[in-house]
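Each chain gets a letter, A, B and so on, in the order the sequences are listed, and its residues count up from 1.
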Amino acid sequence: MAINIQAVKGTQDALPRDSYKLRFLEQEIEEIASNYGFSEIRTPVFEYTDLFCRSVGDTTDVVQKEMYTFEDKGGRSITLRPEGTAGAMRSFLEHGLFNEGLPQKVFYFTSCYRYEKPQAGRLREFHQFGIECFGTESPAADAEAISLASEIFGFLGIEDIVLELNSIGCPTCRAEYHKALKEYFEGKKSDLCNTCIDRLERNPMRILDCKSPVCSDIAKDAPTVINYLCDDCREHFESVKKYLDAMDIDYKINPTIVRGLDYYTRTVFEFVSTKIGAQGTVLGGGRYDGLAEQLGGARTPSLGFAMGMERLMLVLEAQGVELPQDNKCNLYIAPVGEEASLLAAKIVTDLRCEGIFAMFDVVGRSIKAQMKYANKIGAEFTIVLGDDELKSGVAQLKNMDDGETQEIKVDKIAEDFASISIQAAVGKLSEDSFDGIDLNALLGGSI
RNA sequence: GUGGAUGUAGCUUAGUUGGUUAAAGCGCCAGUUUGUGGCACUGGAGAUCGUGGGUUCGAAUCCCAUCUUCCACCCCA
């Protein structure tokens, strides 16, 4: 009879003790993105299966073996989104956002679903922060997106992360390159590993970063994409680099970067960490100039990136970065008896209307137990309300940090505490402020 | 999908060559006389030893299967 109390394989709960970190990250990242002119877009978790087949690409692993696809009761083939770009582009086209001025710059936080074998940094349900910039071909836009990504990592004080950059050209020059690559590897086919022989047909660029020593040895002398770029693509790539230089962003050219989704063209990039295991790509993205047309829209050169929130968390943990704590209770009222409890309920309600985080006993525990609880949740102040206080009209306001108490009139707790807590809050503001510099101090040599 | 490892209370672990009511620390709850937390002490709750089979007089300990988690391949965020 006992039911299985277990989250589905490859899924995770965000518990209260951790969820504040995610909220903090989302808030800060959103603020940065909005300074770059990105606005939020929210699209459904599921789309018609076709959308992903056409955009992500029929031959990709993501589409071929990782999608959560099902038929709904109306006989429609539905798929849980495996990534964010397709849905955003669909929405952009469907609602004619190109009529609202280009470029359209959007960001999103979404859950994504891929049926993969879970391991470090790889889950079946995972969360992404993504941005899309629709309707510009300019290399300045590429650099701007990369700059946004870079600023996020910088703000969080993440150091061991490298920006790797490449250009995979347009369909025309990439076809040339693929041809050359295939010719090169075809000659050494007998030496390649089995997966690479497979890759030769499906995605020859993958052979370039094969981990087998034999393959990577062969790959050393393979032709490089950059040498096969057409004039336009080469110029575009050079310009992206110029912008990055102008923005003081360090990058490493990595000619073996390949994106696994078919829609990418020209600029591709990854932010890679070596500290979180085999799944080191924390953020990946690039340009997809042909996607809009592939989906039946007008030509709309665009680009975007996605960051894995779980991987971001792994990086932060690996570096020992402490994120600011959740809000703490400002005042905990410990009543004894029904009359005091009713009064406490009223006071707490008034305080909450003033925006103060206040609590009172809703369990019916002894004073001692209540004090312990108040201590555990980190309450800043406590007040005991019992017969004595009700009779005398005076209670003790206790500062839990230093144990000091001061008198407070029982019938004026709400208004008096409001002013006290504002003073305390002002005093704390400077200590608690979180920015790149303060965070670095928090890193505390843990790595 | 392929390969390797793991699975004992909420958490971290102990459990000797299979033998009676499965331990500990932390955490949780409650007390330590009169109404005030952090320390200390005492007590309590909490585990069908991942699950299902099998071997055995007897299994957390052995065997098989299965699931989860972890790690790598693959793939990607």
Taking atom C1' in both B:C11 and B:G19, compute the distance separating them and give it to the nearest angstrom. 31 Å

Could you tell me the separation between the CD atom of A:Gln12 and the C1' atom of B:A77, rounded to a whole number of Å? 14 Å

Once you apply a heavy-atom cut-off of 4.0 Å, does A:Glu389 come out as touching a base, just sugar-phosphate, or nothing? base

Partner of B:G18 under the Watson-Crick or G-U wobble criteria, both distances under 3.5 Å, comes out as none

Would you classify A:Met400 as touching base, sugar-phosphate or nothing, given that sugar-phosphate means primed atoms plus P, OP1 and OP2, and contacts are heavy atoms under 4.0 Å? base

Charged N to carboxylate O under 4.0 angstrom, A:Lys182 versus A:Glu186? no

Nearest-nucleotide check on RNA chain B, A:Gln128 vs A:Pro118; residue mapping nearer the 5' end is A:Pro118

So what does A:Gly277 hit on the nucleic acid, given a heavy-atom distance under 4.0 Å: a base, only sugar-phosphate, or nothing? sugar-phosphate

Remember a base hit wins even if backbone is also touched, and classify A:Lys376 as base, sugar-phosphate or nothing at under 4.0 Å, heavy atoms. sugar-phosphate

Nucleotide opposite B:C11 in a Watson-Crick or G-U pair, distances under 3.5 Å: B:G25

Quick one: label A:Gln6 by what it contacts on the DNA or RNA (base, sugar-phosphate, nothing), any heavy atom closer than 4.0 Å. sugar-phosphate

A:Arg81 charged N/C atom sitting above A:Tyr113 aromatic ring, 6.0 Å / 45°: no

To the nearest Å, how far apart are A:Ile367 CD1 and B:U32 C1'? 17 Å

Of A:Val258 and A:Leu385, the one whose closest nucleotide on RNA chain B sits nearer the 5' end is A:Leu385

Mutual orientation of the aromatic rings belonging to A:Phe129 and A:Phe107 [parallel < 30°, tilted 30-60°, perpendicular > 60°]: tilted

Round to a whole Å and report the spacing from CD of A:Gln406 to C1' of B:U36. 16 Å

Closest heavy-atom pair, A:Ile168 versus A:Leu229, reported as atoms and distance to 0.1 Å, is C-CD2, 4.3 Å

Just by modelled atom types, is the A:Ser77 backbone N or O under 3.5 Å from a matching donor or acceptor in the A:Thr49 side chain? yes

Looking for any heavy atom pair under 4.0 Å, which part of the strands does A:Ala120 touch: base, sugar-phosphate only, or nothing? sugar-phosphate

At 4.0 Å (heavy atoms only), tell me whether A:Val336 reaches a base, stays on the sugar-phosphate, or touches nothing. nothing

What does A:Leu123 touch in the nucleic acid at a heavy-atom separation under 4.0 angstrom: a base, only the sugar-phosphate, or nothing? base

For A:Tyr373 and B:G37, do the ring centres fall under 5.5 Å apart while the planes stay under 30° apart? no

Any A:Lys65 side-chain N or O less than 4.0 Å from OP1/OP2 of B:G1: no

From the set B:A30, B:G35, B:A77, return the single nucleotide nearest to any side-chain atom of A:Arg365. B:A30

With a 4.0 Å cut-off, would you call A:Lys409 and A:Asp411 a salt bridge? no

Among B:U2, B:G35, B:U68, the nucleotide that comes nearest once only the side chain of A:Val384 is considered: B:G35

Distance, P atom - from B:G54 to B:A60, rounded to whole angstrom: 15 Å

Regarding A:Arg17, tell me which of base, sugar-phosphate or nothing describes its non-hydrogen contacts under 4.0 Å with the strands shown. nothing

Mind checking if A:Gly84 touches a base, just sugar-phosphate, or nothing, with heavy atoms under 4.0 Å? nothing

Rounded to whole angstrom units, what separation is found between the NZ atom of A:Lys368 and the P atom of B:A40? 13 Å

Quantified in whole Å, what is the P atom distance between nucleotide B:G31 and nucleotide B:G38? 13 Å

What's A:Gly121 touching, base or sugar-phosphate or nothing? Going by heavy atoms closer than 4.0 Å. base

Mind calculating the distance between CG (A:Leu390) and P (B:G35) to the nearest angstrom? 15 Å

For A:Lys398, which contact category applies under a 4.0 Å heavy-atom criterion: base, sugar-phosphate, or nothing? base

Taking the same atom, C1', in B:U61 and in B:C73, what whole-Å distance lies between them? 34 Å

Pairing nucleotide - B:U42, Watson-Crick or G-U, each distance under 3.5 Å: B:A30

Please state how far atom CZ in A:Arg122 lies from atom P in B:C74, giving the value in whole angstrom units. 10 Å

Output the single nucleotide from B:U2, B:C75, B:C73 whose closest atom is nearest the side chain of A:Lys117. B:U2

Between B:G27 atom P and A:Leu15 atom CG, what is the distance in whole Å? 19 Å

Atom C1', compared across B:C70 and B:G58: separation rounded to whole Å: 34 Å

NA contact type, A:Ala369, heavy-atom cut-off 4.0 Å: base, sugar-phosphate, or nothing? sugar-phosphate

What integer number of Å spans the C1' atoms of B:U17 and B:A9? 28 Å

Check whether A:Tyr373 forms a cation-pi arrangement with A:Arg365 (NZ or CZ under 6.0 Å from the six-membered ring centre, at most 45° off the ring normal). yes

Expressed in whole Å, how much space separates the P atoms belonging to B:G3 and B:U48? 32 Å

If you measure from the C1' atom in B:A77 to the same atom in B:U13, how many Å do you get, rounded? 35 Å

Parallel, tilted or perpendicular: rings of A:Tyr288 and A:Phe134 (30°, 60°): perpendicular

Spacing between A:Leu261 atom CG and B:C75 atom P, to the nearest angstrom: 13 Å

Consider the side chain of A:Gln279, meaning its heavy atoms from C-beta on, and name the nucleotide among B:C71, B:C75, B:G37 that approaches it most closely. B:C75

Does the pair A:Phe153 and A:Phe271 meet the rule for a ring-ring contact (aromatic ring centres under 6.0 Å, His included), with working shown? CA-CA 9 Å; A:Phe153 295 123; A:Phe271 282 78; 5.1 Å; yes

At under 4.0 Å between heavy atoms, what does A:Arg202 touch on the DNA or RNA strands: base, sugar-phosphate, or nothing? nothing

